[in-house]
Amino acid sequence: MTTMAGKLDEKITPIYQEVLQRNPGESEFHQAVHEVLESLGRVIVKYPEFADHKIIQRICEPERQVIFRVPWQDDRGEVHINRAFRVEFNSALGPYKGGMRFHPSVYLGVIKFLGFEQIFKNALTGLPIGGGKGGSDFDPKGRSDDEIMRFCQSLMTELYRHLGEYTDVPAGDIGVGQREIGYLFGQYKRITNRYESGVLTGKGLDWGGSLVRREATGYGTVFFAQEMLRARGESLEGRKCVVSGSGNVAIYAAEQLIQLGAKVIACSDSNGVIVHEAGIDLDLLKQIKEVERRRIRDYADRCTDARYIDRGNIWDIPCDVAIPAATENELSGSDAKKLVENGCIAVAEGANMPTTPEGVHVFQDAGVAYGPGKAANAGGVATSALEMQQNASRDSWTFEYTEKRLQQIMQDIHHTCHETAEEFGVPGNYVLGANIAAFLKVGRAMVAMGLV
Ligand code: GLU
């Protein structure tokens, strides 16, 4: 549990109180809302029409929330019951868009925090996508392919009625990758009798997927870090980097860091940390995580000059640039202090809300270039929107072209956040820049569309 570090404007405090009251026990959702509301004091002074239209209150209430039972049988024939969610948060800018997370920690509060963040992140991409998120408390760890397939089929048998390329377009998140998207898409196609490519993103390349989607979140996060450093006359070249996690985001963040001349010396999973001062061997990491689906402990067994720290804290490893790419609240106030003491100059979030509110304020007070997830990791969902574009035109683009588009989008997001922060008198504050720019875009669309 974390406390909220910053202050709210007195006009906004009652709105937040109401959010607490209407959504009891959902601490992650409260945290995500508080962080955005902290930024909006300046906005309602400058643009009182948002208060008249109750835009803040409306944005904090999902348009629709679906909760359903997912029954399935394991390989031994035993019956299991999971709970699944889809929160269709805001469709002012386009169809609901956001991933599905399969993890035992999933409950409504987690999906609402992610869906809420997604509204702002998606707005920042400049592409026509609204915000949504879904998931289940299903634990895929140790499950066979057949079990994963049966679970995905059962989930989609209920979820399909809420989806559509113009309605709601899920993708992956923690525990959901191309394999799961395949099973979900197969069942959607079977039930609806429609080959509706644009209803899911993160598909395989042979059946409607986009090149660069797999790499996009990690690459995009590093492009954002590069822009933050460039704005300060610095670069990633030769920098020592630490990337937490070892999933899709972490692996491709590490790949892009290496391509840009940085050195990645550590990564992690929920059991421990790998430190490899010579630089992480990406081929080995991909073999262990993507092909064999094993724990990173194996990395140290197969690579003798790497160290495995069981239950270690990755933020104790000195670095110039930190990329939190594991999960929410993985980087605390004391972790942030340790990073600053050890000389860290930039933090770009590959995960959603990985830094606690205390940690964010430590980075900001120390003048660290800090890129919040909703800006820094927007490359994943942006490339999902590029996948939707390709599907709509029944086309597929080259890797080079798609990567260029991603790079341009990340530069534009950086520019938007940077300029907005200056305009509102808080230069260098990417949190305020991102929240305000995204809120203005969504809020204006909501005002234009009337009371719906
Ligand atoms: N789950 C990813 C995110 O947090 C991607 C969502 C998508 O591609 O729709 O943004």
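Both counts, for ligands and for their atoms, begin at 1 and track the order of listing.
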(message) Is it true that, when you exclude F399 itself, more than 12 heavy atoms of the residues, nucleotides or ligands shown sit nearer than 6.0 Å to its CZ?
(response) yes

(message) Less than 4.0 angstrom from a charged side-chain N to a carboxylate O is my criterion; do E328 and R101 meet it?
(response) yes

(request) Please report which non-hydrogen protein atom sits nearest to atom 5 (C) of ligand 1, along with the residue it belongs to and the distance in Å to one decimal place. (result) R213 NH2, 3.5 Å

(request) May I ask whether R101 places a heavy atom under 4.0 Å from ligand 1? (result) no

(request) Quickly, which of E165, E196, K203 forms a side chain to side chain donor-acceptor pair (under 3.5 Å) with N391? Name it, please. (result) K203

(request) Could you pull out the closest heavy-atom pair between I296 and C267, with the gap in Å? (result) CD1-O, 4.1 Å

(message) If you measure every N or O of G172 against every N or O of ligand 1, does any of those distances drop under 3.5 Å?
(response) yes

(request) Specify side chain, backbone, both or neither for K133, according to which of its non-hydrogen atoms lie closer than 4.0 Å to ligand 1. (result) side chain

(request) Give a yes or no on this: more than 12 heavy atoms of other residues, nucleotides or ligands lie within 6.0 Å of atom CZ of R83. (result) no

(message) Starting from atom 6 (C) of ligand 1, what is the nearest protein heavy atom, named by residue and atom, and what distance separates them?
(response) G99 N, 3.5 Å

(message) Looking at every heavy atom in both A216 and T383, which two are closest together, and how far apart are they?
(response) CB-OG1, 3.2 Å

(request) May I ask you to decide whether E61 forms a salt bridge with R22, counting only side-chain N to carboxylate O separations under 4.0 Å? (result) yes

(message) Whether K189 engages the ring of Y195 as a cation-pi pair (distance to the six-membered ring centre under 6.0 angstrom, angle to the ring normal within 45°) should be assessed.
(response) no

(request) List every atom of ligand 1 that sits less than 4.0 Å from any heavy atom of A171, numbering the atoms from 1 in the order shown and giving each element. (result) 7 (C), 8 (O), 9 (O)

(message) Return the closest protein heavy atom for atom 3 (C) of ligand 1 as residue, atom name and distance.
(response) K121 NZ, 3.3 Å

(request) Give the residue and atom name of whichever protein heavy atom lies nearest to atom 9 (O) of ligand 1, and the separation in Å to one decimal. (result) K97 NZ, 2.7 Å

(message) Can you tell me which portion of N352 lies within the under-4.0 Å heavy-atom range of ligand 1? Options are side chain, backbone, both, or neither.
(response) side chain

(request) Among all protein heavy atoms, pick out the one at the shortest distance from atom 8 (O) of ligand 1; state its residue, atom name and that distance to 0.1 Å. (result) S384 OG, 2.6 Å

(request) Could you tell me if any non-hydrogen atom of Q118 lies under 4.0 Å from any atom of ligand 1? (result) yes

